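Everything quoted here is computed from the prediction, not taken from an experiment. In what follows, every chain begins at residue 1, and chains take the letters A, B, ... in the order their sequences are listed.
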Amino acid sequence: MFKKVDSNPNFPKLENNLLAKWKKNNTIKKYTKKNSKSKETFSFIDGPITANNPMGVHHAWGRTYKDLFQRFYTMLGREQRYQNGFDCQGLWVEVEVEKSLGFKSKKDIQEFGVEKFVNLCKERVNKYSAIQRDQSIRLGYWMNWDDSYYTMSDENNYSIWGFLKKMNENGKIYRGTDVVPWSGRSGTSYSQMEIIEGRKLVAHRSVFIKFKLKNKINEYVLVWTTTPWTLTSNVSLLVNKNLNYAKCKLKNGDVFYVAEPNLKHQRLEKEFKEKKEWIEGVPKLKSLDQLFNERGGYSVEKIIKGTEMIGWEYSGPFDELDAAKIAGGYPFTNNDLEDQKINAIKCHRILDGGKDQEGNDIVNSGEGTGIVHTAPGCGDIDFKIGKQNNLVALAPLDEEANFIENFNWLKGKNATDSKTIDLILEDLKDKELLFYTEMYPHIYPHCWRSGDELVFRLVDEWYINMDWREDIKKSVDQTNWIPAWGKQREHQWLNNMGDWMISKKRFWGLALPIWEFEDGSFYIVGSKEELKQLACEGWEEFDGNSPHRPWVDKVKIKHPKSGLIGQRVLDVGNPWLDAGIVGFSTLNYNNDKDYWKKWFPADLISESFPGQFRNWFYSYLTMGTALAQETPTKNIFSYALVRDESGEEMHKSQGNAIWFDDAAEDIGVDVIRWLYARQNPENNLRFGPEITNEIRRQVIIPLWNIYSFFTNYAILDKFTPPKNFSEPKSKNLMDQWILTEVKETTDDVKNHLTLYQPDKATLAIENFINLLSNWYIRRNRRRFWKSGDFESNQIDDDKFSAYETLYFVLVTLSKIMSPMIPFITEEIYTNLTKDTKWGKESVHLEDFPFFKTKSLDESELQIATRAAMKISSLGRSARSKTKIKVRQPINNLHFKTKETITSKYIEMILTQVSDEVNVKKVKHVNKSYQLSNIIIKPNNSILGPRIGSKIGKLNNEIQSLNHNELYKELLIHNKIIISDIELTLEDVHIEHTSLDNSEFIEDNNFKVSIETKLDNNLIEEGISREIIHNIQNLRKNSGFNISDKISMFYYGDEKIEKVIKKYQTHISEEILATKIMKCESNRGSNIKFKINNSTISINIDLS
RNA sequence: GGGCCAGUAGCUCAGCCGGUUAGAGCGCAGUCCUGAUAAGACUGAGGUCCCAAGUUCGAGUCUUGGCUGGCCCA
């Protein structure tokens, strides 16, 4: 016997009960072992979730997809690994640990102790991975939770060692000295990926600075920069040799050289006007022309080409600093230049800016002055130019972005501190070199963690040379991308990216397996075994620890060739190496190649697309291609971002972020999962209470209502499930129809999920639930109410079929919905099947249903049923127009359709429509004039040009004729002749209006007309139904049970009495009355209402 | 500045291979139905399918150009 179904359940509570049950029965284990002997596999490789904080609702979106696809393939019988991954290493974990310790900089960590710090990082990861595991289980994410991988594992780290060794064997690893973006707060450089995360629009103080030309009196070049601190390290100036420069003489006698086109250039005019990429409060920028005029006006003395300026010498603004005087540059010394006694001051001359890699001029007209200051120790392009032109480099900052020794009074001051900028500007002002200061809005790189401005530092970092990117692009092409444009996006990244900077001067992360030697060489160790073999010192201290800092730093090795003793570089690795290797590390690549081959490449990987093109998708594809020479995945499924209800980004700081735990217990995860599954993954998803309520109301509650309707009646009627679960054979056309629909929906769901279209699969089910609830159940309710129960065997075939059919539909539906909403489907399935032999312990141990393609007959039945639905809808619409309630029967409904309806189903349509629209007689007609008056009007746009002024006469003539007859004639002969003019169907507009006593309505494929004239019989029947309706409501409001028998007393006039007498039997049946009595007076009635000017009072009692 | 994508009802979005009169949900207003329904049905929205040109018998759909917005990269 089924368990009674609560018609108003608490879904979160229901889910928690099921979680307990699954735990008790060990259901997840049974699920993950279901297909362990299968010949076919489905390999899903999880992109690791950062185990650094509890999950937000956005994590649940991705995890819903991952679970959904894996469940689907489980139902298809594929063996799977169900392995979840946690991302453990990297700066983001360090950041949180630092925060909890109240640390301000890297120094604090060193003082605290690297070992203690790294252990705290590990602890944090262990804590949050456990929390995320529990949250995932709450979501209904069924994985092999004992088998999750952690990117901090030895296996993962050593696998990356192997990868790096291989890259080095191919000559792709190098140490580069370069100017890179640097965070003073974190004390490390940032990779290309990280800079992109941290770009933001800010207003900087930008300055116009006078550079005094040597050998000239009072002549200057004007230079503009947004980073005044770099002026301290100026080495040379750049011009564009093809540009024209104007020699401008100001009132006070000063002469300035600037690019001629820049003089009147309105700087950032568009940005200012449109307020896009502009910061509120920043005033409009001034043109050079304006600045000169404000200083008393100026005259252009002559125009010269940039070429002419090349070689001019100047005095730098900070030549008094000691650093400027050090030969060879500082603190990195260029030995050749040192020998030649060349220092920064000696490099002070104007150079040709030349072109960049893509062939664009480095110095442009427009912004600035057309003369660019270059500091090879403070900018990446500057550094390249410095190399090309044999310039020294001054790199003024230390790890914390403070000025170093030999920058005199600046020493120890922070480069991004606004007080430092103040001092620099003040100094320049004192030197009379500061021409003008302004606020300038632009997009500038910032630290993604602290929001602090980045600086540029000249440092040594380690790189992977990516000159083999074409190989990765081949892998990209071998992969099926969903959405399809992902492929293009990945190509674009691969085309534009630079070499991969893999080092970071931090503590918690992959220890780069690079050992350096005194001769400048380096050696890459590819495994733990190799390390042991080469170790000559510190192995004992290291052995037994994970390959992390500080333990691994203690191992010194002997170079196998040179025999020199070397030490590990202290850097840790880029975290995307950690996640990129998982196609190997988690598949036993190093110790069980057969296993690896079985599961590689993946069938599917999936992550949210913003960012992943340059992060995980990139590193996974790159490492896969390098080690396996093929794409590491057949499909990449990606999706957009979760936003709040109004479409804004969710931020903790803005208070609109929603934590997963809150959402799960307030809303219920099935509702959330359905919302996620039905979303078009390309679009951002809006999440909030309004939206989830809508899903609950639209999908979850209707499903539940169907289930509770079925189950509760089945209990009353003592229905027992069939011995075998197979498609019922019913003679009832409605049953046949809904079976066809459920089979077709099942097929659609399977096809869409196979193509990774969960949204389309989900919407197909929504559509089916709509048909089931609003047509099948509504139309068939009475079949379930019929008397007779199963136990006593007093049951007719039709009732039996209704039960069998709805049972089959519900069980099938619970299966095909189980990948999306694992909780409610489990509840439905187990309640309905628990007493059967064929039922599984859980719906999640079921197979995906498979049905034969639908027959022609079934298609015809579908068309006919949909026609009945449409005609009923139009019929109701017609009723509503004439304000005739559905309770009031009407005599006739006529319809015409363009659909081809098989004759065997016409009768069904007539019955259904008659019932649904409450009409005595429904008729299918072939000719329009049978349901509407035809009005024929000349088509003026065609006839106008043809007959001109005769139109008026024609119009009059047509108006005087019988349009129905005209139309008949037109249909028969394809033409009619009026006033000597031949007209075809195209020459006229045909309109339809209602016939007398009728209401006509049409849509694309159907025309419907109902008779609106009511005779006495109809009116009386209407009254009887009105009475029944009111009594039913009264029963409900009085709290009577459905099966309670009642006595009814009424008081009303003769009309009422007549109707009640006439319909006494019918009324009694409907309201379960054992007697109906008229009272002489209005005795304490329960209800009193008016029908057609007669008042009736009614009183009911249990009898 | 370059690349990609989008622009359809008040809002969020469907609209397959070009095919009559372009749909859904929500919101709003009104009406109705209901002993599975804190549900549902119907009506009102009469949409310049961003604009223009082109291809075609026929364009929301294809092509080109423009406008606007989003994302990515400089």
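Distance alone, capped at 3.5 Å, is enough to place a donor-acceptor pair between the A:Glu645 side chain and the A:Glu690 backbone. When atom types are taken as modelled, the side chain of A:Arg779 and the backbone of A:Asn774 share no donor-acceptor pair closer than 3.5 angstrom. Looking only at distances, a side-chain donor or acceptor of A:Asn712 sits under 3.5 Å from a matching main-chain atom of A:Val5. Panel note: side chain A:Asn780, backbone A:Arg783; no donor-acceptor pair is recorded below 3.5 Å.
A tilted orientation is assigned to the rings of A:Tyr756 and A:Phe637, their planes being inclined by 30° to 60°. By the 30° and 60° cut-offs, the orientation of the rings of A:Phe719 relative to A:Phe2 is tilted. Relative orientation of the A:Trp481 and A:Phe617 rings is perpendicular, given thresholds of 30° and 60° on the angle between their planes.
Note on A:Arg678: nothing from the nucleic acid sits closer than 4.0 angstrom, heavy atoms only. Across all strands, A:Asn495 comes closer than 4.0 Å to no nucleic acid atom at all (heavy-atom distances). As judged by a 4.0 angstrom heavy-atom cut-off over every strand, A:Glu694 is placed among residues touching the sugar-phosphate backbone only. Residue A:Ile196 is in sugar-phosphate contact alone, with no base atom involved, counting any heavy-atom pair closer than 4.0 Å across all strands shown.
Taking both residues in full, the closest heavy atoms of A:Thr711 and A:Lys3 are given as CG2-O, 3.6 Å, listed atom of the first, atom of the second, then distance.
The interatomic distance linking A:Met193 (CE) with B:rC73 (C1') rounds to 15 Å, in whole Å. Taking atom CG of A:Asn693 as the reference point, atom P of B:rG25 lies 18 Å away to the nearest angstrom. Separating the CD1 atom of A:Ile443 from the P atom of B:rC73 is a distance of 11 Å, rounded to the nearest angstrom. Spacing between atom CG of A:Asn751 and atom P of B:rC16 amounts to 19 Å, rounded to whole angstrom units. The distance from atom CE of A:Met497 to atom C1' of B:rA74 is 16 Å, rounded to the nearest whole Å.
Under the 3.5 Å distance criterion, with hydrogens and angles disregarded, a donor-acceptor pair is assigned to the side chains of A:Trp674 and A:Glu766. Judged by distance alone, the side chains of A:Asn918 and A:Arg1025 do bring a donor and an acceptor atom under 3.5 Å apart.
The base of B:rA38 sits within donor-acceptor range of the side chain of A:Asn8, with an N or O pair under 3.5 Å.
Rounded to the nearest Å, the gap between the C1' atom of B:rG23 and that of B:rA45 is 14 Å. Separation of the P atoms belonging to B:rG27 and B:rA41 is 13 Å when rounded to the nearest angstrom. Taking atom C1' on both nucleotides, B:rG44 is separated from B:rA52 by 34 Å, rounded to a whole Å. Going from the P atom of B:rC67 to that of B:rG10 covers 26 Å, rounded to whole Å. Spacing between B:rA22 and B:rC49 at atom P, rounded to whole Å, works out to 11 Å. Using atom P as the reference point in both B:rG35 and B:rU48, the two lie 42 Å apart (nearest Å). Rounded to a whole angstrom, the distance from the C1' atom of B:rA59 to that of B:rC71 is 28 Å. B:rG19 and B:rG58 have their P atoms separated by 15 Å, with the value rounded to a whole Å.
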Atom pairs, protein N/O to nucleotides 2-6 of chain B N/O, distance under 3.5 Å:
| from | atom 1 | to | atom 2 | distance (Å) |
| --- | --- | --- | --- | --- |
| B:rG2 | N2 | A:Gln492 | NE2 | 3.1 |

Which pairs, protein N/O on one side and nucleotides 17-20 of chain B N/O on the other, fall under 3.5 Å?
| from | atom 1 | to | atom 2 | distance (Å) |
| --- | --- | --- | --- | --- |
| B:rU20 | N3 | A:Lys898 | NZ | 3.4 |

Considering only nitrogen or oxygen atoms on both sides, find all protein atoms under 3.5 Å from nucleotides 32-34 of chain B and state each distance.
| from | atom 1 | to | atom 2 | distance (Å) |
| --- | --- | --- | --- | --- |
| B:rC33 | OP1 | A:Arg887 | NE | 3.3 |
| B:rC33 | OP1 | A:Arg887 | NH1 | 3.0 |
| B:rC33 | OP1 | A:Arg887 | NH2 | 3.1 |
| B:rC33 | OP2 | A:Arg887 | NH1 | 3.2 |
| B:rC33 | OP2 | A:Arg887 | NH2 | 3.0 |
| B:rU34 | OP2 | A:Arg887 | NH1 | 2.8 |
| B:rU34 | OP2 | A:His1029 | ND1 | 2.8 |

Please write out the pairs of protein N or O atoms and N or O atoms of nucleotides 61-63 of chain B separated by less than 3.5 Å, giving the distance to one decimal.
none

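Scanning for side-chain contact (heavy atoms from CB on, under 4.5 Å) contacts around A:Asn680 gives A:Glu682, A:Asn683, A:Asp759, with sequence neighbours left out.
With a cut-off of 3.5 Å on both pairing distances, the Watson-Crick or G-U wobble partner of B:rA6 is B:rU68. Base-pair partner of B:rA24: B:rU12 (Watson-Crick or G-U wobble, both distances under 3.5 Å). Across all strands shown, B:rC73 is found opposite B:rG1 as a Watson-Crick or G-U wobble partner, with both distances under 3.5 Å. With a cut-off of 3.5 Å on both pairing distances, the Watson-Crick or G-U wobble partner of B:rU31 is B:rA41. Across all strands shown, B:rG54 forms a Watson-Crick or G-U wobble pair, both distances under 3.5 Å, with B:rC62.
Annotation: of the two residues near RNA chain B, A:Gln1032 and A:Glu649, the 5′-most nearest-nucleotide partner is A:Gln1032. Along RNA chain B, the nucleotide closest to A:Trp493 and the one closest to A:Ile1031 are compared, and the more 5′ of them pairs with A:Ile1031.
Using a 4.0 Å cut-off between a side-chain N of Lys or Arg and a carboxylate O of Asp or Glu, A:Lys799 and A:Glu804 do not qualify as a salt bridge. Using a cutoff of 4.0 Å between basic side-chain nitrogens and carboxylate oxygens, A:Asp644 and A:Arg686 are not scored as salt-bridged. Taking 4.0 Å as the cut-off between side-chain N and carboxylate O, A:Glu916 and A:Arg876 count as a salt-bridged pair. In summary, A:Glu1026 and A:Arg887 engage in a salt bridge, as defined by a charged side-chain N under 4.0 Å from a carboxylate O.
A distance of 6.0 Å or more separates the ring centres of A:Phe456 and A:Phe383. Under the 6.0 Å cut-off for aromatic ring centres, A:Phe784 and A:Tyr713 do not qualify, their centroids lying 6.0 Å or more apart. Taking the six-membered ring for Trp, A:Trp500 and A:Tyr618 have ring centres closer than 6.0 Å.
Two residues are said to be in side-chain contact when any heavy atoms from C-beta on lie closer than 4.5 Å; A:Arg643 and A:Leu641 meet this criterion.
Listed candidates were B:rC26, B:rA36, B:rC73. Nearest to the side chain of A:Ser773 is B:rA36. Across B:rC73, B:rA41, B:rA38, the shortest atom-to-atom separation from the side chain of A:Asn774 is found for B:rA41. Of the candidate nucleotides B:rA14, B:rG25, B:rU37, B:rG25 has the atom lying nearest to any side-chain atom of A:Gln698.
A syn base is found at B:rC17: its glycosidic angle is within 90° of 0.
In this model, the phosphate group of B:rA41 is not approached by any side-chain N or O of A:Arg879 to a distance below 4.0 Å at OP1 or OP2.
Taken residue by residue, residues 867-877 of chain A places heavy atoms nearer than 4.0 Å to RNA chain B at A:Ser873, A:Arg876, A:Ser877.
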